[in-house]
Amino acid sequence: MDVMVPCGGLRHNRTVTTHADVLTDQFGRFHDYLRVSITDRCNFRCVYCMPEEGMVWQPREEILNFEEIERLARFFVERGVRKIRLTGGEPTLRKGYLNLVEVLARIPGLNQLALTTNGTRLAQDAITLRMVGLASVNVSLDTLRQDRFLEITRRNELPGVLQGIESAQAAGLETKINVVVLPGVNEDEIIHFGEFACKHSLTVRFIEFMPFLDNGWNAERVVSSAEIRSRLCDQFELRPLASGASDVAREYAINGSEGRVAFVSSVTDSFCSGCNRLRLTADGQIKSCLFLPPSVSLRDLIREGASDEELGIAVQKCLDGKWSAHPPMRNWAQRDNLTMVQIGG
Ligand code: SAM
Ligand code: SF4
């Protein structure tokens, strides 16, 4: 049973359980949201995410198996994680992933299980996903034009993705769309995406282009959230919605519709002070920040027979190394980071 104890350092003012304390960093941020990459593979090659050729996938034995993912998920939920998002690579490519969703959704204490996907398997899997306990899905869709879809993802799958979005909504999954806005590529579709949000009564989240290894990022290629919002305001009346301290997206209702838009301003207005996220890479490394290298392999610890207490010490060490905020991205050195697909978005 957890014991209530006062904590040291900046945590003097808080009283937390010994268990939950494992997930608190030196700046008092408690981490109750875990993003789990379940594969580094993908059937797309989005230009902002990975190169067209030459990706070397990790061998199967290096990737966490489902039992290991379940053990780690239970470990984190017992310590206070309340939301888990499965991501990748493309998580729906992982064989048997529906079984994994079912197992994770049953973990007592987990309030929300979500999935981020490129949408290619949703037409087929949405109903099952809902039945086995998935609550919500974020679907990446950067253009509504077929020629452009091919240009951005290097795959010709737009109709299937649109069908997938429809199926997700019909199955009762809360459905949001992720759009990475790139200048000279899809910025002329900002209004179309606003209309898409209204027409389908869903949320479109506009994401600023972020720097990762070899993804062609430079500061001039960032269309800021402020710019995107201003263009939307020419066409729509936006009403700000209340957000929590750890919400990365600032959300707005579009007056006169059920549609919403949201802005993820990782580059121009970082949300580090309220960060509640931990990331587990497909090969079991734990990351305290998207932009910090992984600190320890929980997979290796598990395979060496580590107890939960030993895992806790490793996770705490990872959180002790978390910075208060990442440096400005305009000065970003990309060399030491991983590609987005290796991290899990
Ligand atoms: N394959 C799934 C998908 O595309 O939704 C899940 C993994 S993907 C890496 C997760 C999210 O990261 C996607 O919404 C994608 O648009 C976003 N993403 C990838 N590279 C990015 C970048 N350089 N800047 C901003 N967002 C990025
Ligand atoms: Fe694949 Fe998602 Fe990256 Fe696109 S953004 S290449 S779909 S992992």
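We count ligands from 1, going down the list as the structure has it; atoms in each ligand are counted the same way. Quick caveat, the model's predicted, so the values are computed rather than measured. FYI, side chains are in, hydrogens and waters are out, and symmetry mates aren't considered; it's all heavy atoms of this structure.
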Examine all N, O or S atoms of C49, backbone included, and report whether one is under 2.8 Å from atom 1 (Fe) of ligand 2. no

Where ligand 1 meets N178 - atom numbers and elements under 4.0 angstrom, heavy-atom basis: 14 (O)

In ligand 2, which numbered atoms sit nearer than 4.0 Å to a non-hydrogen atom of C42? 1 (Fe), 6 (S), 7 (S), 8 (S)

Where ligand 1 meets E90 - atom numbers and elements under 4.0 angstrom, heavy-atom basis: 1 (N), 2 (C)

Counting each atom of ligand 1 from 1 as listed, which ones have a heavy atom of E208 under 4.0 Å away? 24 (N), 25 (C)

For the pair F212 and F291, name the ring-plane relationship: parallel under 30°, tilted 30 to 60°, perpendicular over 60°. parallel

On the 0 to 90° scale, with breaks at 30° and 60°, tag the F209-Y48 ring pair as parallel, tilted or perpendicular. perpendicular

I need the atoms of ligand 1 closer than 4.0 Å to a non-hydrogen atom of I207, numbered in the order shown. 25 (C), 26 (N)

Atoms of ligand 2 less than 4.0 Å from N118 heavy atoms? 7 (S)

Numbering as shown, the atoms of ligand 1 that approach N118 to under 4.0 Å (heavy-atom distance): 2 (C), 3 (C), 5 (O)

Any idea which of T116, V47, L86 brings a heavy atom closest to atom 11 (C) of ligand 1? T116

Of W217, F209, F44, Y48, the one whose closest heavy atom lies nearest atom 16 (O) of ligand 1 is Y48

Using a side-chain heavy atom cutoff under 4.5 Å and only I, L, V, M, F, W and Y, what cluster partners does M131 have? I127

When the ring planes of F196 and H200 are compared, do they come out parallel, tilted or perpendicular, using 30° and 60° as the limits? tilted

Looking at P91, S140, C46, the heavy atom closest to atom 13 (C) of ligand 1 belongs to S140

Test item: side-chain donor near acceptor, S307 and E310, under 3.5 Å: yes

Quick check: do R231 and V181 have side-chain heavy atoms less than 4.5 Å from each other? no

Should Q169 and T175 be marked as a side-chain hydrogen bond (donor to acceptor under 3.5 Å, both in side chains) after you check the CA-CA gap, both sets of side-chain angles, and the distance that decides it? CA-CA 6 Å; Q169 287 195 285; T175 306; 5.2 Å; no

Short list, please: which atoms of ligand 1 are under 4.0 Å from a heavy atom of T117? 2 (C), 3 (C), 5 (O)

Ligand 1 to T87, heavy atom cutoff 4.0 Å, flagged ligand atoms 6 (C), 7 (C)

CG (L141) and CD (E189) are apart, to the nearest 0.5 Å, by 8.5 Å

Relative to the heavy atoms of G89, which atoms of ligand 1 are at a distance of less than 4.0 Å? 1 (N), 2 (C), 6 (C), 7 (C)

Apply side-chain hydrogen bond (donor to acceptor under 3.5 Å, both in side chains) to S225 and list each qualifying residue two or more places apart in sequence or on a separate chain. E208, S265

